[in-house]
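The structure under discussion appears below in the form of structure tokens.
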Amino acid sequence: MEMAGNIDVTLPKAERYQQLAVALKGLLEGENDFLANQANMAALIFHSFDFHWVGFYWVKADELVLGAFQGPVACTRIKKGKGVCGTCWAKNEVQLVPDVNVFPGHIACSALSQSELVIPIVQDGEVKGVLDIDSVFLDDFDQHDVQGMSDLVDIMVSKWEK
Ligand code: SME
């Protein structure tokens, strides 16, 4: 068994996400610091899969600004409606992009990224930020990832409300 934190990385995705949800609740339990929690969440996800980049962008005025992440250095500011992340913010919709090379306006922070999943982080109907995941493989994300990552984001947001 290969473990990343508390996660068995050899499990099928759906089960890995179940374990991740439990692990994330444990990590956030008893800690309210915004930066500490997003940093640990990015690390937990990154080390549970083989993704190239996992991190957050947060809405600040008319831009998304880079938050905590794991992976190579990334662009720091993204305008609303620009790239995959800015589109997720503008539309308040998950963006599952099997091939970033054909996504109009994709922002290539890393030439290695081939597919991307971006989940809006919404509180009281307003997008506060996005969770962005990049893969070096084409078509690396499926509905398990959409559901699993959305559930993890829900855990983070529900924690803010406590
Ligand atoms: N590719 C993203 C930019 C962020 S990096 O992938 C970390 C986009 O098009 O919004």
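Side-chain atoms are counted along with the backbone in the values below, which use heavy atoms only and exclude waters and symmetry mates. Numbering of residues begins at 1 and proceeds along the displayed sequence. Keep in mind it's a predicted model, so treat the numbers as computed, not measured.
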Would you say the side chain of [Y] lies within less than 4.5 Å of the side chain of [X], judging by non-hydrogen atoms?
| X | Y | result |
| --- | --- | --- |
| Phe34 | Trp160 | yes |
| Lys13 | Asp145 | yes |
| Glu116 | Asp132 | yes |
| Phe49 | Val54 | no |
| His52 | Pro72 | yes |
| Leu44 | Leu24 | yes |
| Phe141 | Val146 | no |
| Gln19 | Val22 | no |

According to a hydrophobic-cluster definition based on side-chain heavy atoms being under 4.5 Å apart (Ile, Leu, Val, Met, Phe, Trp, Tyr only), do [X] and [Y] belong together?
| X | Y | value |
| --- | --- | --- |
| Trp89 | Phe56 | no |
| Val127 | Val97 | yes |
| Leu66 | Ile133 | no |
| Met41 | Val94 | yes |
| Phe51 | Leu96 | yes |

Closest heavy-atom pair and its distance - [X], [Y]:
| X | Y | value |
| --- | --- | --- |
| Gly55 | Phe69 | CA-CB, 3.6 Å |
| Asp140 | Ser115 | N-OG, 3.3 Å |
| Ser113 | Val100 | O-CG2, 3.4 Å |
| Leu20 | Ser48 | CD2-OG, 3.5 Å |
| Ala68 | Leu35 | CB-CD1, 4.3 Å |
| Ala36 | Glu31 | CB-CG, 4.4 Å |

Open item on the list: Between Arg77 and Lys60, is the side-chain contact (heavy atoms from CB on, under 4.5 Å) condition met? List the steps.
Closed with: CA-CA 9 Å; Arg77 290 170 190 271; Lys60 292 186 182 169; 5.8 Å; no

To the closest 0.5 Å, what do you measure between [atom1] ([X]) and [atom2] ([Y])?
| X | Y | atom1 | atom2 | result |
| --- | --- | --- | --- | --- |
| Gln38 | Leu28 | CD | CG | 11.0 Å |
| Asp50 | Ser135 | CG | OG | 7.5 Å |
| Tyr17 | Leu152 | OH | CG | 7.0 Å |
| Trp53 | Cys109 | CH2 | SG | 7.0 Å |
| Phe137 | Asp99 | CZ | CG | 14.5 Å |
| Ile107 | Cys75 | CD1 | SG | 5.5 Å |

Open item on the list: Between Val157 and Ile121, is the side-chain contact (heavy atoms from CB on, under 4.5 Å) condition met? List the steps.
Closed with: CA-CA 7 Å; Val157 173; Ile121 302 173; 3.6 Å; yes

Task: Candidate pair Phe103 and Thr87, rule side-chain contact (heavy atoms from CB on, under 4.5 Å), full reasoning - done: CA-CA 11 Å; Phe103 186 94; Thr87 301; 3.8 Å; yes

Task: N/O donor-acceptor pair under 3.5 Å between Glu63 side chain and Ala61 backbone - done: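 Looks like no, no N/O pair under 3.5 Å.
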
Task: Donor-acceptor pair, side chain of Asn37 and main chain of Met156, under 3.5 angstrom - done: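 It does not hold such a pair.
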
TODO: In plain terms, say whether Arg16 and Asp8 are close enough for a salt bridge, that is, a side-chain N and a carboxylate O under 4.0 Å apart.
DONE: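 A salt bridge is absent here (no side-chain N lies under 4.0 Å from a carboxylate O).
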
Open item on the list: Please determine whether the number of non-hydrogen atoms from other residues, nucleotides or ligands lying under 6.0 Å from atom NZ of Lys82 exceeds 12.
Closed with: no

Task: Test applied, side-chain contact (heavy atoms from CB on, under 4.5 Å); reference residue, Val130; option that passes from Val84, Val59, Val118 - done: Val118

- [ ] Test side-chain contact (heavy atoms from CB on, under 4.5 Å) on Lys80 and Asp62 and set out the steps.
- [x] CA-CA 6 Å; Lys80 194 171 191 176; Asp62 64 341; 6.0 Å; no

